Protein chains: 2
Amino acid sequence: MPTARKPPDFLNGVPELIVLRLLSQKPMYGYELIQAIQVATSRNFAFGEGCIYPVLHRLEADGALNGRRETVQGRSRIVYRVTAKGRGRLEQSAVAWKRSVEVIQAILSEGNRASPAMA
Amino acid sequence: MPTARKPPDFLNGVPELIVLRLLSQKPMYGYELIQAIQVATSRNFAFGEGCIYPVLHRLEADGALNGRRETVQGRSRIVYRVTAKGRGRLEQSAVAWKRSVEVIQAILSEGNRASPAMA
DNA sequence: TTGGTATGCCTCGGAGAGTGAGGTATAAGG
DNA sequence: CCTTATACCTCACTCTCCGAGGCATACCAA
C-alpha cells in the first residue's frame with residue numbers, strides 16, 4: 001500500500017478567485033497578498049509564490065488586473081488593482097463557484113435526514 | 001486577447017469525493033457510475049472515463065473500494081462497494097471539503113453587509 | 001453473415017494547476 | 001560583513017482531468 005496521495009486537495013482555480021476577491025477589497029502587491037491569503041483563510045490555505053505570481057501575471061495579461069510599480073522607502077513593489085473587467089470576472093467566477101458548491105453539497109447531504117447542517 | 005482559459009473549473013479531487021459518496025449509497029460499476037454522476041449533478045459535471053476509471057482503481061488499491069466482477073446476461077461488469085476504510089475516507093474528505101468551502105465563502109461574502117446570502 | 005450500435009472495460013498523450021526549491025536584488029540590524 | 005526580511009521571478013516536477021483511442025461482447029437489423 002504505497003499510496004497516500006497527500007491530504008485531499010479539492011480546489012482548482014480557487015487561488016484566482018481569492019486573489020480577485022482580496023484585491024477588489026484593497027489593492028496589494030504580491031508578497032503582501034500571499035500573506036493576506038493566509039490570514040484571511042486562517043492558515044487553512046497557503047498558496048506559494050510559485051502559484052500566486054503566475055496568477056497575478058495571467059490576470060494582468062487578461063486585463064483583469066492593473067499592476068503598477070511603486071517604490072516606497074527603497075522597497076520596490078508592484079501594486080495590483082482590479083479593473084472593471086476583473087470585477088466582471090470575479091462576479092462570474094463567484095457565481096460559478098457557488099453553483100458548483102451547491103451541486104456537490106446536495107450530493108453529500110442527499111439522504112441525510114436529521115442533519116440540517118446546511119443553513 | 002488570446003487567453004480565455006476555458007470556463008472556470010475549480011474543483012480538484014472532487015471526482016473522488018463524489019465517487020465515494022455515490023457508491024456509499026449504492027454499489028455500482030464504472031459505466032453506471034459515470035452516468036449516475038451526470039444525473040446526480042444535473043449535468044453540471046460530467047467526468048469522463050479517463051477520469052473515473054483511474055479514480056476507481058486508485059481507491060481500490062487504497063482499500064477504500066472493493067471491486068467484484070459480476071456477469072449478468074453475458075455482460076461482464078466490475079461492481080464496486082465502499083469498504084469500512086472507504087467510509088472513513090469519505091467522512092474525512094467530506095469534512096475537509098466543507099471546511100474549505102466555508103473558508104472560501106467567508107472571503108467571498110466578507111464585507112458584504114446588506115446581503116445576508118448565507119443562511 | 002455482416003454490420004452498426006450500445007455496453008463495458010481500459011489506457012495513453014497532453015494541457016494546466018499547484019508545490020517546492022531555487023535565483024536575483026535591496027534594506028535593515030547585529 | 002553577514003544574516004535576515006522584503007520583494008520579485010522562474011523552473012522542474014507531480015497530479016488531475018480531458019479527449020481520443022483501443023478492446024471485447026451483445027443485440028438487432030439488413
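Numbered from 1 within each chain, the chains take letters A, B, ... in sequence-line order. Just so we're clear, the structure is a prediction, and the values are computed from it rather than from any experiment.
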Interatomic distance, I18(B) CD1 vs dC17(D) P [rounded to whole Å] = 10 Å
task = Could you pick out which residue, G74(A) or C51(B), lies toward the 5' side of DNA chain C when each is mapped onto its nearest nucleotide?
result = C51(B)
task = Return the value, rounded to whole Å, for the distance between atom CE of M28(B) and atom C1' of dT7(C).
result = 17 Å
task = Calculate the interatomic distance between I34(B) atom CD1 and dG8(C) atom C1'; express it in whole Å.
result = 9 Å
task = Just call it for G48(B): base, sugar-phosphate, or nothing, with non-hydrogen atoms closer than 4.0 Å on any strand.
result = sugar-phosphate
query = With sequence neighbours left out, what residues match E32(A) under side-chain contact (heavy atoms from CB on, under 4.5 Å)?
reply = K26(A), M28(A), Y29(A)
message = I'd like to know whether D62(B) forms a salt bridge (charged side-chain N to carboxylate O under 4.0 Å, His left out) with K85(B), so could you lay out the CA-CA distance, the side-chain angles of the two residues, the decisive distance to 0.1 Å, and finally the verdict.
response = CA-CA 9 Å; D62(B) 289 355; K85(B) 191 171 176 185; over 6 Å; no
task = Check the angle between the aromatic planes of F45(A) and F47(A) and answer parallel, tilted or perpendicular using the 30° and 60° thresholds.
result = tilted
query = Taking the side chain of P15(B) as its heavy atoms from C-beta onward, which of dC17(D), dA17(C), dG18(C) lies nearest to it?
reply = dC17(D)
message = Within a 6.0 Å radius of atom CD on Q35(B), are there more than 12 heavy atoms belonging to other residues, nucleotides or ligands?
response = yes
key: Pairing of R58(B) and E16(B) as salt bridge, 4.0 angstrom limit   = yes
key: Nearest-angstrom distance from the residue atom CG of L56(B) to P of dC10(C)   = 8 Å
remark   = Between CD of E70(B) and C1' of dT7(C) the distance, given in whole Å, is 16 Å
note = I52(A) atom CD1 is separated from dT10(D) atom P, nearest whole Å, by 15 Å
key: Any donor-acceptor pair under 3.5 Å from T83(B) side chain to A64(B) backbone   = yes
Using the 3.5 Å cut-off, write out each protein N or O paired with an N or O of nucleotides 2-8 of chain D and the distance between them.
from: dT6(D); atom 1: O2; to: R75(A); atom 2: NH2; distance (Å): 3.4
from: dA7(D); atom 1: OP1; to: R77(A); atom 2: NE; distance (Å): 2.5
from: dA7(D); atom 1: OP1; to: R77(A); atom 2: NH2; distance (Å): 2.4
from: dA7(D); atom 1: OP2; to: Y29(A); atom 2: OH; distance (Å): 2.8
from: dC8(D); atom 1: OP1; to: I78(A); atom 2: N; distance (Å): 2.9
from: dC8(D); atom 1: OP2; to: G30(A); atom 2: N; distance (Å): 3.4
from: dC8(D); atom 1: OP2; to: Y31(A); atom 2: N; distance (Å): 2.6
from: dC8(D); atom 1: OP2; to: Y53(A); atom 2: OH; distance (Å): 3.1
from: dC8(D); atom 1: O5'; to: Y53(A); atom 2: OH; distance (Å): 3.4
from: dC8(D); atom 1: N4; to: E49(A); atom 2: OE1; distance (Å): 2.9

